[in-house]
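For the single chain, residues carry numbers from 1 onward in sequence order. The analysis underlying the following values was restricted to heavy atoms, covering all of them including side chains, and did not include hydrogens, waters or symmetry mates.
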Amino acid sequence: MGAEHNDFYWMGYALELARRAADAGEVPVGAVLVRDNEPLGEGWNSPISNNDPSAHAEIVALRQAGQRTAAYRLPDTTLYVTLEPCFMCLGAIIHARLSRIVYGAPDTKTGACGGQFDLLGLSGHNHYPQVVGGLLAQECGDLLRNFFRQRRG
């Protein structure tokens with residue numbers, strides 16, 4: 001199975017996780033962290049249900065992967081997330097030493113990988129993950145747009 005095929009597969013998986021967030025009344029963002037084509041951690045947005053402002057999909061997936069591997073560094077991994085990571089999530093990704101970030105929809109309000117801000121363009125970091133944006137962007141964006149359209153009535 002080629003890397004591109006894997007990227008589409010895992011982003012589809014992240015979309016399913018995002019739908020779980022929507023079903024729970026949370027902003028529909030899903031994330032899965034993968035190493036050697038095996039999931040290490042997964043999550044969806046849950047700050048409302050967990051009363052935890054840091055419970056973004058990416059953070060939930062990173063926490064689960066850290067517990068599963070008994071490590072706080074997660075090299076040689078790819079994070080698939082349906083929305084471009086924010087400042088908080090990108091900071092955690094950098095500290096965890098992920099190799100790649102593959103995201104779906106750009107976030108023009110709080111995206112930190114170039115959507116609104118380009119934190120990876122700043123010098124001084126000691127780790128720079130590779131970033132691939134826009135994979136299944138239409139599907140990821142539609143899920144978010146439909147969610148907010150329904151909430152607004």
Sorted by chain and number, sequence neighbours left out, ring-ring contact (aromatic ring centres under 6.0 Å, His included) with H125 holds for Y128
Over all heavy atoms of both residues, which pair between R35 and T69 is shortest? Give the atoms and the distance, please. NH1-CG2, 4.3 Å
Among residues at least two apart in sequence or on other chains, which ones pass salt bridge (charged side-chain N to carboxylate O under 4.0 Å, His left out) with D142? R145
I need the minimum non-hydrogen distance between G104 and A137, along with the two atoms involved. O-CB, 3.5 Å
Between R97 and P129, is there a donor-acceptor pair closer than 3.5 Å when you use the side chain of the first and the backbone of the second? no
Shared hydrophobic cluster, I101 / L144 (ILVMFWY, side-chain heavy atoms < 4.5 Å): yes
Would you please test T77 and V34 for side-chain contact (heavy atoms from CB on, under 4.5 Å) and show each step? CA-CA 5 Å; T77 58; V34 177; over 6 Å; no
Are L79 and V102 side-chain neighbours, meaning at least one heavy-atom pair lies under 4.5 Å? no
Look only at the side chain of E42 and the backbone of A61, and say whether a donor-acceptor pair between them is shorter than 3.5 Å. no
Please evaluate residues L122 and L120 with respect to the criterion side-chain contact (heavy atoms from CB on, under 4.5 Å), reporting the C-alpha separation (whole Å), side-chain torsions for both, the decisive distance (0.1 Å), and the verdict. CA-CA 5 Å; L122 300 174; L120 293 173; over 6 Å; no
Hits for side-chain hydrogen bond (donor to acceptor under 3.5 Å, both in side chains) against R19, two or more places apart or cross-chain, chain-then-number order -> E16
Can you find a pair of side-chain heavy atoms, one from S99 and one from Q130, that are under 4.5 Å apart? no
To the closest 0.5 Å, what do you measure between CG (L119) and SG (C86)? 9.5 Å
Indicate, with yes or no, if L40 and Y9 share a hydrophobic cluster defined by side-chain heavy-atom contacts under 4.5 Å among Ile, Leu, Val, Met, Phe, Trp and Tyr. no
Is the closest side-chain heavy-atom distance between T82 and Y103 below 4.5 Å? no
Show, in sequence, the C-alpha distance, side-chain angles and deciding distance for L83 and C140, and conclude whether the side-chain contact (heavy atoms from CB on, under 4.5 Å) test is met. CA-CA 7 Å; L83 182 65; C140 295; over 6 Å; no
Does D23, at its CG atom, have more than 12 non-hydrogen atoms belonging to other residues, nucleotides or ligands within less than 6.0 Å? yes
For R73, salt bridge (charged side-chain N to carboxylate O under 4.0 Å, His left out) partners two or more places apart: none
Pairing of R100 and D7 as salt bridge, 4.0 angstrom limit: yes
Determine the minimum heavy-atom distance between L136 and G12, stating which atoms define it. CD1-N, 4.1 Å
Could you pull out all residues at least two apart from T78 that satisfy side-chain hydrogen bond (donor to acceptor under 3.5 Å, both in side chains)? none
Residues 24-31 side chain polar contacts: donor-acceptor under 3.5 Å, at least two apart:
residue: E26; atom: OE1; partner: I48; partner atom: N; Å: 3.2
residue: E26; atom: OE2; partner: I48; partner atom: N; Å: 3.2
residue: E26; atom: OE2; partner: S49; partner atom: N; Å: 2.6
residue: E26; atom: OE2; partner: S49; partner atom: OG; Å: 2.9

All pairs passing ring pair (Phe, Tyr, Trp, His ring centres under 6.0 Å) where residues 12-60 contributes a residue, at least two apart: W10-Y13
Would you please name every residue forming a side-chain hydrogen bond (donor to acceptor under 3.5 Å, both in side chains) with R151, sequence neighbours left out? none
Residue set satisfying side-chain contact (heavy atoms from CB on, under 4.5 Å) with A96, at least two apart, ordered chain then number -> L62, L74, L98
Test: side-chain hydrogen bond (donor to acceptor under 3.5 Å, both in side chains). Region: residues 86-95. Which pairs qualify, not counting sequence neighbours? none
Applying a strict under-4.5 Å side-chain criterion to I, L, V, M, F, W and Y, I'd like to know whether L17 and V60 cluster together. no
So do E139 and L15 actually touch side chain to side chain, heavy atoms under 4.5 Å? yes
Please list every donor-acceptor pair under 3.5 Å in which a side-chain atom of residues 107-117 meets a protein atom from a residue at least two apart or in another chain.
residue: D107; atom: OD1; partner: K109; partner atom: N; Å: 2.9
residue: D107; atom: OD1; partner: T110; partner atom: N; Å: 3.0
residue: D107; atom: OD2; partner: T110; partner atom: OG1; Å: 2.8

Residue pairs fulfilling salt bridge (Lys or Arg N to Asp or Glu O under 4.0 Å) with at least one residue in residues 49-67, sequence neighbours excluded: D52-R63
